[in-house]
Every structure is written in C-alpha cells, then in structure tokens.
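For the single chain, residues carry numbers from 1 onward in sequence order.
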Amino acid sequence: MDLLTANDRPGRYPASWYAETATPLAPFAPLKGAQRADVCIVGAGYTGLSAALHLAQAGLSVTLLEAQRVGFGASGRNGGQVGSGQRQDQDWLERQAPGAARTLWDIAQEAKALVQDLIAEHHIDAAWRPGVAHACHGARSAAHARAYAERLARDYGYDAVQPLDRAGIGALIGSGSFAGGDLDMGAGHLHPLRFALGLARAAQGAGVRIHERSRVVAVEGGLVRTEDGEVAADHVILACNGYLGRLHPDIAARVMPINNFIVATEPLGNRADDILSRDIAVADDRFVVNYWRLSEDRRLLFGGGESYGYRFPRDIAALVRRPMLSIYPQLADVKITHAWGGTLAITLNRMPCFHRDGGIYTASGYSGHGVAMATMAGRIIAAAVQGDASRFDTMATLPTRAFPGGGALRTPLLALAMTWYGLRDRLGL
C-alpha cells in the first residue's frame, strides 16, 4: 500500500476546513522530459518550498517536484501551531548536546521569526495570531511548567512565557480539566495550507520551476527520475518527511510516518468565548497530544488521536470527538462539520533528522513541531548548498537512530508502545 494514495484522491487536497478556506493555485504541469538545474528538490511542503525560495532568491536554478499538490501533506493539514524552542525542551538538549543547546534554542527562535517574516514579505494571508498555551493535567506537570518558564527567562532571556495556576488556565481555556500551565505570547498559530500556498507563490515568483503530479521514482546521485521525466542537478534535497519511502532507505528507517487527526465543529458563535477567552492556540501535556484553537469563523479546530500504518480510521470524527469532549463536555451537542487526517513523521528522539550524503540533503521527522522548524530547515539546507553548513551540522549533532524492528516490525512495535503511553494518559500516570 502507498501512503501517497492510501487515503487521498490523486491531485486533490483532503476535504478539510483548511482546503475549504484557501484559494488553491492553478495546477502546475507534471514534469515531462529532461531538465537541468542547480538544485532539484523533492517534496513541496514547508521544507521544500522554503529551500526552493531561498535558493532561487540567491540566484540558483531550482526545480521542485511534488507527487501530489503543493502543501498536500502535513504542511497543509496540521494544527497550525508555531511553538517556541525545539521539539525537545532545553533541559533535554542541555543533557544530550550541552555544547549545542544554546545554538539550538537560537535556531528555533529564528525559525519563528522566519515564518512571520515570510508572511509579511510575501503578503501571505496566513491568519497569523500570537499566543500558544500549554495546559497541564497534573500538579507536577504544572509545577514543571512554572519552573521552566522561570528558567527560560533567567538562562535564555526569554520572558514571553507567563505561568498559569489552575484558575488562570481555566479562565483562559474554559475547561476545569487542568491543574495549571503557561501562556507563550512569543509563539503563535496560523492557517497552515494558506502559508504553504503563499510560499509556493513566492517561490514561483522567484523563478522556481514547480511540477505537481510528478512522483519521483528514483534518485541516482544527481539524477532525479519521475515516471515521465528526469532532472539532472548538482544538489538534491529530499524534503519528503513521512513520505520518503524507498527514495532513501537509511533515512526512512530513522523517520517513522504516523497519522494524526483534526476535526472542525460548526461555528460556535458567542459560545466560542466560553471555550477560549483569547484568540490563542492550546496544546496539552499528554504523550499523544491534544491541541486546539478557534478558526476565523469561530469553529473549534481540535486535533487528537493517532494511528500507525497506512489507512486512516473510517470514523475520524468519532476518534477525535472523544478527547474533545473530555476537555469540553459542554460541546456534546455541537456538530462536527469537517474531519481529516494527515501523515507526519517522528524520530526516536523527537528531534528532526538532518543528513547529508555528498550532494544529497535531507531534513525530516519534525515530530509535530514542524511549522516553524520545517520552514527553517529549508533555509538551513539552502545555506548548506551554498557552502555554509554550520547550522546544518548543528542540527545534525543529535543523530537519530533507526527504529527497532526494521521495515517489517517497526510499525507494530511502535503501535504497541504508543498504546501503552495512551493507557498512561488515560490513567493520568
């Protein structure tokens, strides 16, 4: 079975609220025949689009190949949260990479700024809003959130995080489920598909040759082959994330595709003020994270639940409705109007996998933290292609190990492990 086609119609965006509220680009023609480029990029998500834009602005010739549509994958389906820091916090990074922890923090800060700069520079209608809250179910987690906010201010000069007690988080997010948390006003949220489409418009305007419906079947050094054409390039960037598959088996063994799901409710009208008192996004502290925010038309966009393997569940709405109602039981009478899934990618250490093999570059496995970091990865790879690999090498300081079990067993092993963590979530452990 093929992840690119298992759950989606060829050349069509999923029936999400995002797709319904974005103006699609006219289809780009598939690749036909032979081309020559300085750089060939495979995958038109945030990583590939950002790399293409930055390279074209630097004067390089770029061909960008996408198997489906621009922003088709996780880049056009995710929760839209642009969080601070790396996927792992600074405590973890200081233990695992003490010499690089500060630089990794600075890269993540630059990533948030890059997203906002690209939106402003290219007039992207991405509905950017500041503010992401972290909601903690237990007192221990809430105490850690407070201490971590104080540490970021003291050790990293980042004072945008406000700790919240039980009353504070309850007033902010309209739920009594949480013992505390924090509000990070240096983070933000956006419309992910509009952001991807805006990057594509900017890349096209900078001279990038974009080809959709152009699935890459082989990469042989600097020669990238599709079913109907080929591109010879000095450098190749594999920006496929969870869809990497057989194009680079060594990296694919380290980057595990998983599926995550989102629903949109009917417009809530004035009831929305009882759900979120401010126009922020929220994520909780479950191992299988729940995350939510309000749309521009006052729907609740709520994400939760995961599956492993290729097929999405038949009833996505029922899967996500359960955690939504555990936090907001007052929405039991509200209709779900949209429900969709997407394939992202995780690594064992939850840090992105940066890898270079001669003239072939990859970055993937953002583990649910990809809006800012995938966009930043494109800039970092573009710099490496041009000779400055300093930040690329920093991101690669934490090498990602292959998942145990190889291609045959890693999915059932991961499903078993995630079932255990899901049970811990339900038991409050």
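For Glu306 (side chain) and Ile258 (main-chain N/O), no donor-acceptor pair under 3.5 Å exists by modelled atom type. With hydrogens and angles disregarded, no donor-acceptor distance shorter than 3.5 Å links the side chain of Ser75 to the backbone of Gly71. Arg129 places no side-chain N or O within 3.5 Å of a backbone atom of Ala281 that could act as its donor or acceptor partner. Between the side chain of Thr400 and the backbone N or O of Cys353, no donor-acceptor pair lies under 3.5 Å. Here the side chain of Ser175 pairs a donor or acceptor atom with the backbone of Ile327 at under 3.5 angstrom. A side-chain donor-acceptor contact under 3.5 Å links Trp340 to the backbone of Arg77. One N or O on the side chain of His189 and one on the backbone of Asp279 form a donor-acceptor pair closer than 3.5 Å. Side-chain atoms of Ser367 come within 3.5 Å of backbone atoms of Gly365 as a donor-acceptor pair (strictly under, hydrogens ignored). Thr63 places no side-chain N or O within 3.5 Å of a backbone atom of Arg209 that could act as its donor or acceptor partner. Looking only at distances, a side-chain donor or acceptor of Arg311 sits under 3.5 Å from a matching main-chain atom of Ala6.
Atoms CG and OG, on Asp89 and Ser84 in that order, are 12.5 Å from each other to the nearest 0.5 Å. Rounding to the nearest 0.5 Å places CG of Leu65 at 12.5 Å from CZ of Phe28. Atom CD1 of Ile251 and atom OG1 of Thr362 lie 4.0 Å apart (nearest 0.5 Å). Rounding to the nearest 0.5 angstrom, the gap separating the CZ atom in Arg299 from the CG atom in Asp297 is 4.5 Å. Rounded to the nearest 0.5 Å, atoms CG (Leu344) and CE (Met256) are 11.0 Å apart. The CZ atom of Phe312 sits 4.0 Å away from the OG1 atom of Thr343 when rounded to the nearest 0.5 Å.
Side-chain contact between Glu212 and Phe72 is absent, with no heavy atoms from C-beta onward closer than 4.5 Å. Proximity of Ile237 to Leu55: side-chain heavy atoms (C-beta onward) are separated by under 4.5 Å at one or more points. Proximity of Phe302 to Asn290: side-chain heavy atoms (C-beta onward) are separated by under 4.5 Å at one or more points. Here the side chains of Ile346 and Phe403 are in contact, with some heavy-atom distance below 4.5 Å. The shortest distance between side-chain heavy atoms of Arg321 and Val263 does not fall below 4.5 Å. Leu398 is listed as a side-chain neighbour of Leu93, based on a closest heavy-atom distance under 4.5 Å. When side chains are defined from C-beta on, Leu238 counts as touching Val236, because their heavy atoms get closer than 4.5 Å. Proximity of Val161 to Tyr148: side-chain heavy atoms (C-beta onward) are nowhere separated by under 4.5 Å.
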(request) Decide yes or no on ring pair (Phe, Tyr, Trp, His ring centres under 6.0 Å) for Tyr46 and Phe195, but give the supporting numbers first. (result) CA-CA 9 Å; Tyr46 298 142; Phe195 180 52; 5.3 Å; yes
(message) Evaluate Tyr156 against Gln90 for side chain to side chain donor-acceptor pair (under 3.5 Å), listing each step before the verdict.
(response) CA-CA 10 Å; Tyr156 289 88; Gln90 292 306 116; 3.1 Å; yes
(request) Please lay out, stage by stage, how Asn78 and Tyr366 fare under the test side chain to side chain donor-acceptor pair (under 3.5 Å). (result) CA-CA 12 Å; Asn78 65 80; Tyr366 303 104; over 6 Å; no
(request) Tell me, with the steps shown, if Met395 and Leu104 meet side-chain contact (heavy atoms from CB on, under 4.5 Å). (result) CA-CA 7 Å; Met395 291 302 302; Leu104 290 166; 3.6 Å; yes
(request) Show the numbers, then the answer: is there a side-chain contact (heavy atoms from CB on, under 4.5 Å) between Leu325 and Leu331? (result) CA-CA 7 Å; Leu325 294 184; Leu331 297 182; 4.2 Å; yes
(request) Test side-chain contact (heavy atoms from CB on, under 4.5 Å) on Leu193 and Leu197 and set out the steps. (result) CA-CA 6 Å; Leu193 181 56; Leu197 294 173; 4.0 Å; yes
(message) Pair Arg379, Ser50 - check side chain to side chain donor-acceptor pair (under 3.5 Å), show working.
(response) CA-CA 6 Å; Arg379 175 189 268 185; Ser50 175; over 6 Å; no
(message) As a quick check of understanding, evaluate side-chain contact (heavy atoms from CB on, under 4.5 Å) for Asp285 and His144, giving each step before the final call.
(response) CA-CA 11 Å; Asp285 61 345; His144 179 266; over 6 Å; no
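For the pair Arg151 and Tyr158, the cation-pi criterion (under 6.0 Å, within 45° of the ring axis) is not fulfilled.
Shortest non-hydrogen contact noted between Arg293 and Ile280 is CB-O, 3.7 Å. Annotation for Gly181 and Ala142: closest pair N-CB, 4.4 Å, computed over non-hydrogen atoms. Scanning both residues, Ser16 and His338, for their nearest heavy atoms gives C-CD2, 3.8 Å. Annotation for Met351 and Gln86: closest pair CE-OE1, 3.8 Å, computed over non-hydrogen atoms. For Tyr291 against Gly79, the heavy-atom pair with the smallest separation is CE1-CA, 3.7 Å. When every heavy atom of Gly80 is checked against every heavy atom of Pro192, the shortest pair comes out as CA-CD, 4.2 Å.
The side chain to side chain donor-acceptor pair (under 3.5 Å) with His211 is formed by just one residue from the set Lys32, Gln35, Glu66; it is Gln35.
In this model, a donor atom of one side chain and an acceptor atom of the other lie less than 3.5 Å apart for His137 and Asp284. When only modelled atom types and interatomic distance are considered, His191 and Glu296 share no side-chain donor-acceptor pair under 3.5 Å. For the 3.5 Å distance criterion, the side chains of Asp38 and Ser61 qualify, holding a donor opposite an acceptor. Between the side chains of Asp388 and Ser390, at least one donor N or O sits under 3.5 Å from an acceptor N or O.
Salt-bridge annotation for Asp8 and Arg69: absent, with no side-chain N of the basic residue lying under 4.0 Å from a carboxylate O of the acidic one. A salt bridge is absent between Arg95 and Asp91: the closest approach of a Lys/Arg side-chain nitrogen to an acidic carboxylate oxygen does not fall below 4.0 angstrom.
Annotation for Arg102: atom CZ counts as buried by contact number, over 12 foreign heavy atoms lying within 6.0 Å. The environment of Arg36 atom CZ is dense: over 12 non-hydrogen atoms of other residues, nucleotides or ligands sit within 6.0 angstrom.
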